[in-house]
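Every chain is numbered from 1, with letters handed out A, B, ... down the list of sequences. Owing to the predicted nature of the structure, the values given are computational and were not obtained by experimental measurement.
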Amino acid sequence: MQDVVLTMRGICKQFPGTRALNQVDFTLRKGEVHALMGENGAGKSTLIKVLTGVYEKDGGTIRIEGVDGEAHIHSPQDAQRIGISTVYQEITLCPNLTVAENMFIGRTDSAVVQWKEMEKRTTELLRNLGIPARARQELSSCSLAVQQMVAIARAVDMQCKVLILDEPTSSLDDKEVEMLFMLMRDLKSRGVGIIFVTHFLEQVYEISDRITVLRNGELVGEYRIEELPQVELVAKMMGKNLDDLGTFEKTERGTDTQAETVYEVEQLSSSESRPFNFHIRRGEVNGFTGLLGSGRSESVRAIFGADRVTSGKARMNGKSVKITKPFEAMKAGIGYLPEDRKRDGIIADLSVRENIILALQVKKGFFHPMSRKEMEAFADEYIAALNIKTASKETPIGSLSGGNQQKVILARWLLTHPDYLILDEPTRGIDVGTKLEIQKLVLKLAEEEHMSITFISSEIEEMLRTCSRLIVMRDRKVVGELTGDELTQAHVMKTIAGGE
Amino acid sequence: MKRREPLTNTQLLMTIAIGIFFAMYLAAMVSLKGGFLRFQQIFDLLNDNAYLIIIACALTIVMIGGGINISVGGVIGLTVMACALALNDLQNQSGALGTMEAIGLALGIGLAFGVGQGFLISYLEIQPFIVTLAGMFLSRGLTTILSVNPVKVAHEGFLVVTKTKILLPHLGYIAQNGNQIPGKLEVGAVIALVVVAVLYLMLRFIRLGRNIYAIGGNQQSALMLGINVKRTRFLSYVISGLLSGLAGFVFLMHKPAGNASVAMRSEMDAIAASIIGGTLLTGGVGNVIGTFFGTMILATIQKIIALSPLNESWWQDMASGAMLGFFILLQSVVLSSRENRRARRKDMLKPQKE
């Protein structure tokens with residue numbers, strides 16, 4: 001039995017309206033890499049923030065080796081003092097200072113900066129840990145991976161016992177990830193306990209010793225890596241039991257494989273996504289699925305030109321089109337309902353009417369203004385058609401419920417009569433009734449209006465209910481395409497997990 | 001064994017400023033000849049612009065920390081007026097005493113503005129632009145309240161101090177009548193040079209200085225690294241205020257008279273000088289040596305135009321403006337090409353993916 005360095009017991013954290021953590025236990029041993037896994041809203045980041053003193057916990061105890069009794073952590077500085085260091089995804093160092101300064105700034109009380117001494121110690125430490133950086137180098141001239149390693153080196157030099165790596169690999173390439181893993185293995189052998197938060201499944205299995213899974217703020221369980229095959233991990237994260245995966249009833253929906261292709265693209269890639277091929281037929285509903293961070297949203301953003309498109313040949317209704325900006329996508333007849341409604345979707349202070357006509361107005365161009373009457377007619381039509389619950393069409397959209405806001409945005413895109421509509425998480429955070437309404441609407445649009453729709457959702461049932469073809473992604477790559485009989489939860493999950 | 005590191009952004013921009021200053025000065029020596037061939041020309045630039053060098057440094061410090069301080073000119077105006085009135089009240093006392101009291105008053109006014117503005121900006125987290133804009137109006141208003149009419153300093157002792165010049169015989173020139181005229185440097189210019197040197201050392205070797213760079217580089221990171229961000233920012237404004245007061249005293253030594261429009265618009269010149277010297281408005285980059293040369297570049301442009309047939313204030317403004325525009329363009333081109341080069345290098349290192 002390894003020595004335990006950190007125990008968290010019965011941690012609770014309440015936010016207005018939600019219970020972010022409910023009686024969560026977590027144990028970290030010396031010299032292990034412990035992956036903390038969970039889907040969106042599982043409570044991983046809340047747990048980390050409680051541990052690092054960003055949030056105050058509402059209940060539970062934290063004990064750490066070297067501190068008698070309970071550890072009281074009220075600020076990131078407190079956490080650092082008792083040996084808990086965090087390296088975040090976004091670098092928390094100063095890019096304009098040298099590597100050596102970043103290593104030592106904020107740690108000494110002496111008024112005079114001892115450059116020589118500082119640089120000597122840094123050089124030793126960098127060599128010791130095998131980090132390819134120089135002490136006198138400006139940090140911004142290092143690659144992101146090296147910057148991250150410098151942050152880790154700082155933590156190590158501060159004698160940390162617990163090192164939290166929060167999504168450290170998401171902006172690194174394969175070679176840099178390998179470098180980081182070498183460093184992690186080295187730290188392990190020095191007895192540092194590492195908490196590894198990531199959404200890359202393969203990386204979890206490459207480096208971790210143990211996995212703790214959270215779901216909806218509750219502890220699912222702690223497992224040794226060899227006890228938990230990838231498929232089971234995915235099932236646990238999604239809250240499904242492998243045994244009863246077969247029972248889900250699927251509505252039979254054939255795809256008309258004869259219908260013409262509305263949109264197709266070869267080797268599409270953007271600044272955020274790797275190259276992939278994709279097509280959709282008229283009247284088809286398909287979907288991208290995968291865990292959070294698998295690249296499903298990035299893929300559709302690339303289709304719509306929302307990120308910087310780096311390559312790809314797109315064809316719309318057989319004609320080749322160039323889509324590098326959302327405006328060009330709209331011109332080509334594509335609509336996109338973004339994942340983050342609050343940030344990318346609604347304009348909270350504008351009225352429901354103004355929010356509805358926005359996309360159409362942009363498509364028409366601002367030199368062809370619509371008459372007030374026309375706008376009101378459109379607004380009335382869609383408020384009725386989508387059953388949007390609003391006091392009036394002049395109510396600011398910000399005062400509507402989430403589900404109704406989503407319907408307004410949907411109306412916005414329907415009004416432009418797109419040939420191809422992309423819905424990214426259209427049902428997140430809205431009530432069950434509205435969810436069903438939106439699902440029905442999607443199917444109706446496809447069947448009656450022959451609209452082609454790509455649907456993305458974290459809930460597999462929802463995807464199975466609406467989509468006739470699923471494109472499965474893992475670690476930013478398309479790893480499978482499922483149709484017909486393959487569309488079962490068990491099959492989808494196995495494809496998401498990969499491996500055996 | 002020890003390999004040379006590539007220049008940091010701060011050093012790179014500073015080097016550009018120094019290079020341009022010497023190129024410009026050389027061009028002036030060749031084309032305008034006359035005074036530009038004498039050392040005295042440089043001394044005159046220093047004498048006339050000592051106060052500007054000091055407030056440009058005061059601005060550089062807060063700009064490195066990611067802030068701004070546009071009250072520096074107003075504080076000069078107020079300090080000059082207050083000191084002039086105080087000196088005239090003390091006329092009958094001995095010279096040294098009056099001068100010391102004036103220095104104390106100048107630093108006190110600067111300190112008060114620095115502490116007040118620093119407190120509002122750092123601890124109450126109000127936008128520095130707004131706070132120092134208010135400071136600028138306040139100081140200009142107070143100046144007019146003190147006296148609407150110009151006040152000439154009549155304090156004998158102080159006038160003696162102002163006329164004191166440091167003679168540098170080896171850097172002089174020979175006048176037409178054959179007399180050897182030594183180089184003359186005013187006390188204010190010496191103070192300005194000392195300020196530049198002290199601030200340079202502070203920003204490089206003192207913890208406070210490095211912390212100012214850190215909060216300007218990334219405030220959130222600085223906090224996570226354990227730096228007391230609020231205190232650091234507060235102190236940067238206190239230093240800035242103190243220096244503004246000192247600049248007011250230096251101004252009074254150069255022109256011993258106060259009036260409501262003293263050092264009007266000088267905060268704008270100071271911002272320009274800082275930027276030309278390589279300080280980025282976004283914070284974290286810059287140093288006072290660069291700022292010193294930035295000020296000298298502005299001063300030289302004005303001198304060149306004053307000696308040319310285009311001697312009109314709007315030509316000076318346009319030339320300064322063009323210079324500023326040119327510098328900002330140059331900086332962004334240099335910095336972004338540097339970024340691109342780094343990005344390309346990183347791409348080349350990446351393994352080819354199948």
Side-chain angles (χ1 to χ4, degrees), chain A residues 52-54 75-77 79-81 85-88 90-115 118-119 123 132 134-147 151 154-155 158 172-176 178 274-275 477, chain B residues 1-13 64-66 201-229 232 279-280 282-287 335 338-339 341-343 345-354:
Chain A
T52 53
V54 179
S75 72
Q77 278 76 23
Q80 276 183 22
R81 200 162 35 245
S85 285
T86 317
V87 175
Y88 294 95
E90 64 281 14
I91 309 288
T92 45
L93 299 175
C94 291
N96 57 329
L97 304 182
T98 67
V99 169
E101 280 195 281
N102 269 298
M103 212 85 101
F104 288 97
I105 199 161
R107 288 173 56 190
T108 55
D109 290 327
S110 92
V112 179
V113 180
Q114 310 284 346
W115 284 95
M118 198 164 83
E119 281 162 2
T123 307
R134 300 180 303 274
R136 293 156 56 103
Q137 197 175 4
E138 203 173 16
L139 188 79
S140 63
S141 69
C142 302
S143 71
L144 274 183
V146 173
Q147 294 190 22
R154 178 181 162 105
M158 289 171 80
L172 308 186
D173 64 32
D174 299 349
K175 207 177 147 203
E176 293 171 328
E178 205 34 61
R274 303 217 178 135
K477 283 191 281 276
Chain B
M1 179 62 204
K2 207 170 199 176
R3 66 177 279 192
R4 271 185 66 86
E5 288 298 330
L7 294 180
T8 62
N9 287 340
T10 294
Q11 291 164 340
L12 181 70
L13 295 176
I64 290 172
L201 294 174
M202 187 207 89
L203 284 172
R204 176 103 190 113
F205 292 105
I206 301 296
R207 189 161 56 115
L208 173 65
R210 301 317 293 172
N211 288 356
I212 292 175
Y213 277 96
I215 64 169
N218 186 334
Q219 182 184 329
Q220 196 54 38
S221 296
L223 192 67
M224 301 297 274
L225 292 173
I227 291 168
N228 189 335
V229 172
T232 305
T279 313
L280 295 187
T282 43
V285 174
N287 81 25
L335 292 184
R338 201 166 212 221
E339 286 295 307
R341 230 181 13 253
R342 274 172 189 161
R345 211 168 48 219
K346 200 185 154 208
D347 279 346
M348 274 157 52
L349 289 176
K350 273 187 192 170
Q352 292 292 316
K353 291 203 181 78
E354 66 276 32

When B:A222, B:A214, B:G209 are compared by non-hydrogen pairs under 4.5 Å with chain A, the top option: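 Of the candidates given, the most pairs with chain A belong to B:A214.
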Contact winner vs chain A - B:M224, B:Q220, B:M202, B:R207, heavy-atom pairs under 4.5 Å: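 Between B:M224, B:Q220, B:M202, B:R207, the count favours B:R207.
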For B:R210, all residues meeting side chain to side chain donor-acceptor pair (under 3.5 Å), sequence neighbours excluded: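 In terms of side chain to side chain donor-acceptor pair (under 3.5 Å), with neighbours along the sequence ignored, B:R210 is linked to A:E101.
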Contact class of A:L97 relative to chain B, heavy atoms under 4.5 angstrom: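 A:L97 touches chain B through side-chain heavy atoms alone.
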Heavy-atom contact with chain B under 4.5 Å, split by part of A:Q114: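 Contact with chain B involves no heavy atom of A:Q114 at all.
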Name of the residue among B:L13, B:I64, B:T279, B:L12 meeting side chain to side chain contact (heavy atoms under 4.5 Å, CB included) with B:V285: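 The option that passes is B:L13.
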Interatomic spacing from OG1 in A:T52 to OH in A:Y88 - rounded to 0.5 Å: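 Between atom OG1 of A:T52 and atom OH of A:Y88 there are 4.0 Å.
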Among the listed options A:S110, A:A151, A:P76, the residue most often paired with chain B at heavy-atom distances under 4.5 Å: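 Greatest number of close heavy-atom pairs with chain B: A:S110.
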Residue, of A:L93, A:V112, A:T86, that accumulates the most heavy atom pairs under 4.5 Å with chain B: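 Heavy-atom pair counts peak at A:L93.
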Verdict with supporting geometry, B:L201 and B:I206, side chain to side chain contact (heavy atoms under 4.5 Å, CB included): CA-CA 7 Å; B:L201 294 174; B:I206 301 296; over 6 Å; no
Exercise: do B:N287 and B:R204 side chains pair donor with acceptor under 3.5 Å: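 Looking only at side-chain atoms, B:R204 and B:N287 do not form any donor-acceptor pair under 3.5 Å.
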